[in-house]
Number of protein chains: 2
Amino acid sequence: MNIDEVAHAAGVSTATVSRALSGRGSVSPATREKVVEAARNLGYVVSQAASTLASGRNRNVGIVVPFLDRWFFTNVLAGAQERLMHAGYDITLYNLAGRGDERRIVLENFLPRQRVDAVIAVSLELTECEVTRLRELGKPIVGVGGPIEGVRTLALDDIAASRLATEHLLSLGHTRIAHIGGDAASDRDFHMPLKRRRGYEQALRTAGIDLDEHMVGGADFTVQGSYRVAKLLLGRPQRPTAIFAASDEMAIGAILAAQDLGLSVPQDVSIIGIDDHDTAEFFGLTTIAHYPRAQGALAVDILLAQIEPNAAEPPAETPLPFDLIVRRTTSRPRPEQG
Amino acid sequence: MNIDEVAHAAGVSTATVSRALSGRGSVSPATREKVVEAARNLGYVVSQAASTLASGRNRNVGIVVPFLDRWFFTNVLAGAQERLMHAGYDITLYNLAGRGDERRIVLENFLPRQRVDAVIAVSLELTECEVTRLRELGKPIVGVGGPIEGVRTLALDDIAASRLATEHLLSLGHTRIAHIGGDAASDRDFHMPLKRRRGYEQALRTAGIDLDEHMVGGADFTVQGSYRVAKLLLGRPQRPTAIFAASDEMAIGAILAAQDLGLSVPQDVSIIGIDDHDTAEFFGLTTIAHYPRAQGALAVDILLAQIEPNAAEPPAETPLPFDLIVRRTTSRPRPEQG
DNA sequence: GTGAAAGCGCTAACAA
DNA sequence: TTGTTAGCGCTTTCAC
């Protein structure tokens, strides 16, 4: 079943079939109708490979993620996926998780295969050499979540978001505010944890509060990792009255730790996170929402504006929105006793 | 940069370049060396589209999932992804989540584009007509997690796994065992919740315990949904001494509900789930593990055995493994009082 | 608005 | 083992 059969059935040339079905070039309405009808009857669908070979267009976008099983990545992916599907694009998934050679394999073997028209790089911290490789593809690239040198990136202003979270605690009257951020490993792989810590520090300094390194713990962005750290932080004599965790999952770990220590949230400890994770509502978690699905969709819009001939205007470079969502895990601290 | 330039640089014909780089057909070691060298120097990578058009092979597998943000699906995906990458295959992701027309679009427009050599359908419950469409593609298909008529499927024996979970509770001496399964919506879309309930019922009946419909609740497989149902179940006068939840996330909802009611787990209520979710360890959750990553990898092995010329033997059709993992949320019930 | 025809870059059958 | 060559199925100029 190929284009010749459809052309024959519709009584036109293959060129006309191509124009009628692809929408580029002009075809009279009547002819188009005939062609579409014939194609449907025969169950014809264009061969992607032949179309690509002849036109250079793939109708396919590659998405590179560092993990698959993390809330942020799956949501960016879902948002991008939905938008791409409705634009008629396939999505090729590259996952860098694994024992190490995956990065190289993807960058050197998969991406250059010319199967994609553009790539979305999610939270990738790349070496200079890797960035070069990526740009050598000559394909439009947009980053989501982690800045890539010389590539347009959609990234939350982590410092500002963290400042907002910390300021919320300060505005409630807290002064002993702890922070649970990244550990050595996550700090090495990503800049995000450091930036969130920076925002926390900025807010404290602005409020005239001295930084206390005993008030800062590092975990691996999981519930369990944060739980352990929170137990330590909350077990100290001069314990914090509030905790700002660098992610909602870590905030939840802190909530569970507080409960297990017999502390009430928020009466004894206020807790705030960042994300607005699916389960944040359930835990009543106060947090900074930052909409990864929308980020995925926006990344697609930016790319399509570059690769689709008559696409809409590329979206303006406005900062990504984030919002303080006040729920039930933050409140004024108890009045000091003694 | 195409095959001709490489051929020229290496001083051989394009056919030899093709053979040397693809590994099919015989090439002398010396020639191969020359070709590989030339290709590397020029930064040449075969054009996937041209290769596909000429050979009919895509080196690409499609994976269809109903959601992206659920533990089971992302793990199957990750398992399949890793295996495919090391076999040199791309992976095209089709997500059916959305407002309804996605299913049709994927089945009628995307999959027939001949971009994939095979498809993995994860937890898809398809109509007869949809199955027909899928099989008409003439591509190898394997299902993971939800049986598809006439298609080899890797699926947990849900009934047996649920029986095992329930029997664990029975063996500890529980007789008032509740079940949190699917709600109306999930029962409509998937068979799995019904089967897990069936296993629960079988185990109880075998133990000579009458089924009590007040002991069965339905939720949407989320922590929060199950939390609500568990509160109702545990709030009754003759409350259950044990709960078998059809997923770990729901089991965790039940644990949190019990805690909030002032009940100790496992002293007042034993709780068991199914999955061995990432956070099961943290909650000390007793559960039935069933290895979705391995299922994804196995699905790939089955497909590659069909589409790779000199692939390994296709894996035998053995039942999928599942194991009882006893942790700290199950124990003997308190002796009856009064 | 439509058709003829020249590729797009590769693979595989065949010949040498 | 290696080269020659005919497509794979489509898109796109260029004529008309």
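- Contact check of residues 29-60 of chain B against DNA chain D (heavy atom, cut-off under 4.0 Å) returns Thr31(B), Leu53(B), Ala54(B).
- Salt-bridge check for Arg293(B) with Glu82(B): passed, with a basic side-chain N closer than 4.0 Å to an acidic carboxylate O.
- No more than 12 heavy atoms of other residues, nucleotides or ligands lie within 6.0 Å of CD in Glu149(A), so this atom counts as exposed by the packing criterion.
- At least one side-chain heavy atom of Leu111(A) sits under 4.5 Å from a side-chain heavy atom of Val106(A).
- Rounding to whole angstrom units, CE of residue Met1(A) and P of dG9(D) are separated by 11 Å.
- A straight line from CD1 of Ile3(B) to P of dA12(C) spans 11 Å, rounded to a whole angstrom.
- Remark: P of dG9(D) and NE2 of His8(A) are 17 Å apart, rounded to the nearest angstrom.
- Regarding contacts with the backbone of dA4(C), every side-chain N or O of Ser13(A) stays at 4.0 angstrom or more from both OP1 and OP2.
- With distances taken from any side-chain atom of Val27(B) to the nucleotides dA12(C), dG1(C), dT2(D), the minimum falls on dT2(D).
- Rounded to 10 degrees, the angle separating the terminal helix axes of the helix from dG1(C)-dC16(D) to dA16(C)-dT1(D), each built from five base pairs, is 30°.
- Between Arg113(B) atom CZ and dG9(D) atom C1' there is a gap of 16 Å when expressed in whole angstrom units.
- A distance-only check finds no donor-acceptor pair linking the side chain of Ser51(A) to the backbone of Ala49(A) [under 3.5 Å].
- Following rounding to the nearest Å, Leu21(B) (CG) and dA12(C) (P) show an atom-to-atom distance of 13 Å.
- Taking atom CZ on Arg24(B) and atom P on dT11(C), their separation rounds to 9 Å, with Å as the unit.
- Under the 4.5 Å side-chain criterion, counting only non-hydrogen atoms from C-beta, Leu320(B) is in contact with Gln295(B).
- In terms of modelled atom types and a separation under 3.5 Å, the side chain of Asn75(B) and the main chain of Pro292(B) share no donor-acceptor contact.
- Checking Arg19(A) against Ser26(B), the closest nucleotide of DNA chain D that is more toward the 5' end is the one next to Ser26(B).
- For the residue pair Thr92(A)/Asp90(B), the side-chain donor-acceptor check at 3.5 Å is not satisfied.
- Heavy atoms of Val12(B) sit under 4.0 angstrom from primed sugar atoms or phosphate atoms, though from no base atom.
- Within the 4.0 Å cut-off from OP1 or OP2 of dT11(C), at least one side-chain nitrogen or oxygen of Ser18(B) is found.
- Within the 4.0 Å cut-off from OP1 or OP2 of dT2(D), at least one side-chain nitrogen or oxygen of Ser28(B) is found.
- Contact annotation: the side chain of Leu96(A) approaches that of Val64(A) to within less than 4.5 Å [non-hydrogen atoms, C-beta and beyond].
- With rounding to whole Å, Asn2(B) atom CG is found 14 Å from dG7(C) atom P.
- Across the protein-nucleic acid pair, Gln114(B) atom CD and dC8(D) atom C1' stand 11 Å apart, rounded to whole Å.
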Q) So Glu308(A) and Tyr89(A), side chain to side chain donor-acceptor pair (under 3.5 Å) or not? Walk me through it. A) CA-CA 11 Å; Glu308(A) 282 280 273; Tyr89(A) 275 68; 2.9 Å; yes
